[in-house]
Structure formats: structure tokens, C-alpha cells
Amino acid sequence: MGIAAESKPVFDPALFNDPLAARIDWHSLRQGGASFRTRRLVQEDLDRWAFKPTPGALLFSLVFMVLGLAAIIVPFIGFFAGKTEMEWGLLIPLLVGSVFTAAGGFMFRWFTRPVVFDIRNGCFWKGRTTPMQVVNSSALKCYAKLEDVHALQLISEYCSGKDSSYFSYELNLVLNSGERLNLFDHGNLKKARSDAEMLGRTLGRPVWDAIQR
């Protein structure tokens with residue numbers, strides 16, 4: 001909310017000794033991020049890995065929804081109990097509560113959006129529709145064959161606002177074509193690095209870590 005993001009390459013991509021690294025964009029693919037860890041890498045079975053929402057991310061979105069619903073319900077409980085009269089002023093908590101509830105619902109849906117690596121079928125997708133549910137999987141908005149994954153890109157951005165500032169760390173897939181697909185964008189560098197390294201080993205792809213140590 002009111003957070004401005006800055007992402008500037010402060011290194012030479014030639015350090016990765018790969019022509020593609022010099023061609024791709026090293027600025028943030030997804031502006032904003034989060035100050036806390038929102039996703040964690042989980043092995044669902046022998047041939048399937050996924051980035052799942054953290055308990056903190058789910059709690060964060062649920063708090064918004066609960067506060068919003070409380071702002072809507074409490075004034076009307078008072079009205080039906082005869083403790084308050086119906087006034088235009090009741091519309092204010094209704095509107096505020098609706099905004100908080102909608103924001104919480106949006107965040108919950110965003111955090112729970114599947115991000116899956118299916119090793120058995122050799123594909124990656126991000127979204128609630130799987131490649132197995134469509135005739136043409138390439139029509140999916142965020143989909144790639146694992147054989148087309150060239151590397152993993154780990155970058156940072158500085159997010160600043162009126163009340164807070166923080167670094168957020170973004171992990172992207174880099175395809176052979178140079179296209180980038182976002183996996184997560186959160187504020188825990190240690191976990192971002194460990195998840196990137198684990199995924200890199202699983203896929204047999206290098207991690208291009210552009211964050212100063």
C-alpha cells in the first residue's frame with residue numbers, strides 16, 4: 001500500500017559466463033513484493049514440487065477478512081438489537097469493511113494460487129488450471145516445459161513507502177527464449193536462497209544469484 005519499488009542491477013551479468021544472462025532483463029519482473037516470506041518450496045511427492053503459501057501469508061490475508069467482516073457485522077448487530085438507529089453513518093463501516101474483506105479475499109486467493117513443477121510430465125505452471133485440463137497447454141498464461149528452463153534468476157528490489165521500507169527478493173524462471181516467469185517475491189533472503197538452490201538442484205539448472213552477499 002503506497003510502496004514504491006526500486007530495482008537496479010549492481011553487478012555484471014557476465015559473471016555468470018552465459019550469453020543469455022547478458023541479454024535478459026535484471027530489473028524486477030513483479031513490482032512491490034512483501035516484507036515477509038509468502039511462499040515455501042514443498043515436495044508434494046517424488047516427482048512433484050510446489051511453492052505453497054506460508055502460514056504467515058494465510059494469516060495476513062485472513063486478518064484483513066476478519067477485520068472487514070467485523071466492521072460490517074458489528075454495527076448491524078447493534079441496530080437489530082435496538083441499541084443503535086439506522087443512520088447514514090452505518091454506511092461508513094459497511095464500505096470500509098467491504099474494502100478490507102475484498103482485499104483479504106484477493107490476497108488469500110493470490111497466496112493460494114498453485115505454483116507447480118511436475119517432473120514426471122516435464123512441465124511447470126502457475127494457476128488453478130492445470131495443463132492436463134486444457135487441449136493446448138501453451139495457451140496457459142504461465143506455463144513452460146521444464147526442458148525450456150535455462151536458469152533460475154534471484155534478484156532484489158528496495159520497496160519504500162511512507163510508513164515502511166524493506167527489501168523483497170524475487171525468484172524467476174529464465175527460459176531459453178529469454179522470457180522470465182515469476183515464482184515468488186518476498187522478504188526472507190535466507191529462505192529465498194535455500195528454496196532457489198533446492199529447486200536448481202531438482203531441475204538441474206543454475207541459480208543466477210544477483211544479490212550482494
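Quick note: numbers below take in every heavy atom, side chains included, and nothing from hydrogens, waters or symmetry partners.
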Engineer: Do Leu46 and Trp49 sit in the same hydrophobic cluster, where Ile, Leu, Val, Met, Phe, Trp and Tyr count as joined when their side-chain heavy atoms come under 4.5 Å apart?
Structural biologist: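 No, because Leu46 and Trp49 fall into different hydrophobic clusters, even though each may have its own neighbours under 4.5 Å.
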Engineer: Would Asp118 and Met132 count as a side-chain contact (heavy atoms from CB on, under 4.5 Å) if you check the C-alpha gap in whole Å, the side-chain angles of each, and the deciding distance to 0.1 Å?
Structural biologist: CA-CA 11 Å; Asp118 189 331; Met132 286 67 78; 4.1 Å; yes
Engineer: Could you state the interatomic distance from CD (Glu179) to NE2 (His150), rounded to the nearest 0.5 Å?
Structural biologist: 14.5 Å
Engineer: If you measure from CD on Gln43 to CG on Asp45, what distance do you get to the nearest 0.5 Å?
Structural biologist: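 So the CD of Gln43 and the CG of Asp45 are separated by 7.5 Å.
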Engineer: Flag yes if Leu171 and Phe167 sit in one hydrophobic cluster, no otherwise; membership is Ile, Leu, Val, Met, Phe, Trp, Tyr, and two members link when side-chain heavy atoms are under 4.5 Å apart.
Structural biologist: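 Cluster IDs for Leu171 and Phe167 match.
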Engineer: I'd like to know whether the aromatic ring centres of Phe60 and Phe36 sit less than 6.0 Å apart in this structure.
Structural biologist: yes
Engineer: Glu170 side chain to Glu157 main-chain N or O, any donor-acceptor pair under 3.5 Å?
Structural biologist: no
Engineer: Hey, could you give me the CZ/NZ distance between Phe111 and Lys52, rounded to the nearest 0.5 Å?
Structural biologist: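 NZ of Lys52 is found 15.5 Å from CZ of Phe111.
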Engineer: Is there a continuous path of hydrophobic side-chain contacts, each under 4.5 Å between heavy atoms, that joins Leu175 to Val207?
Structural biologist: yes
Engineer: Is it true that, when you exclude Arg109 itself, more than 12 heavy atoms of the residues, nucleotides or ligands shown sit nearer than 6.0 Å to its CZ?
Structural biologist: no
Engineer: So, does Arg23 use its side chain to make a donor-acceptor pair with the main chain of Gly178 at under 3.5 Å?
Structural biologist: no
Engineer: Got a sec: does the CZ of Phe100 have more than 12 other heavy atoms crowding it under 6.0 Å?
Structural biologist: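 No.
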Engineer: Quick one: NZ on Lys126 to CZ on Arg113, what's the gap to the nearest 0.5 Å?
Structural biologist: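 Result: 5.5 Å between the selected atoms.
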Engineer: Can you find a pair of side-chain heavy atoms, one from Asp195 and one from Met198, that are under 4.5 Å apart?
Structural biologist: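 A side-chain contact under 4.5 Å is absent here.
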Engineer: Spell out, yes or no, whether Ile119 and Phe124 are grouped together once hydrophobic residues are joined by side-chain heavy atoms under 4.5 Å, including indirect joins.
Structural biologist: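 Same hydrophobic cluster.
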Engineer: For a 4.5 angstrom cut-off between non-hydrogen side-chain atoms, does Val115 reach Phe184?
Structural biologist: no
Engineer: Minimum heavy-atom separation for Arg39 and Phe51, please, with both atom names.
Structural biologist: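 Looking at all heavy atoms of both residues, the shortest contact is NH1-O, 2.8 Å.
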Engineer: Can you find a pair of side-chain heavy atoms, one from Arg193 and one from Ile211, that are under 4.5 Å apart?
Structural biologist: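 Side chain of Arg193 against side chain of Ile211, heavy atoms only: contact under 4.5 Å found.
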Engineer: When rounded to the nearest 0.5 angstrom, what is the spacing between CG in Leu152 and CG in Leu203?
Structural biologist: 6.0 Å
Engineer: Is the closest side-chain heavy-atom distance between Trp208 and Leu20 below 4.5 Å?
Structural biologist: yes
Engineer: Report the C-alpha distance between Asp47 and Asn121 in whole Å, list the side-chain angles of each, state the deciding distance to 0.1 Å, and finish with yes or no for side-chain contact (heavy atoms from CB on, under 4.5 Å).
Structural biologist: CA-CA 9 Å; Asp47 294 311; Asn121 293 304; over 6 Å; no
Engineer: Could you tell me whether Phe16 and Trp26 have their ring centroids closer than 6.0 angstrom?
Structural biologist: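 Yes, they do, as the ring centres are separated by less than 6.0 Å.
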Engineer: If every non-hydrogen atom of Ser168 is compared with every non-hydrogen atom of Gly33, which pair is closest and at what distance?
Structural biologist: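 Ser168 and Gly33 have their closest heavy atoms at OG-CA, 3.3 Å.
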Engineer: Can you hop from Leu181 to Leu140 via hydrophobic side chains spaced under 4.5 Å?
Structural biologist: no
Engineer: Check whether any side-chain heavy atom of Lys191 sits under 4.5 Å from a side-chain heavy atom of Leu41, and report yes or no.
Structural biologist: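 Of all side-chain heavy-atom pairs linking Leu41 with Lys191, none is under 4.5 Å.
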Engineer: Would you give the length of the straight line joining atom CG of Leu199 to atom CZ of Phe117, rounded to the nearest 0.5 angstrom?
Structural biologist: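 One finds 4.5 Å between CG of Leu199 and CZ of Phe117.
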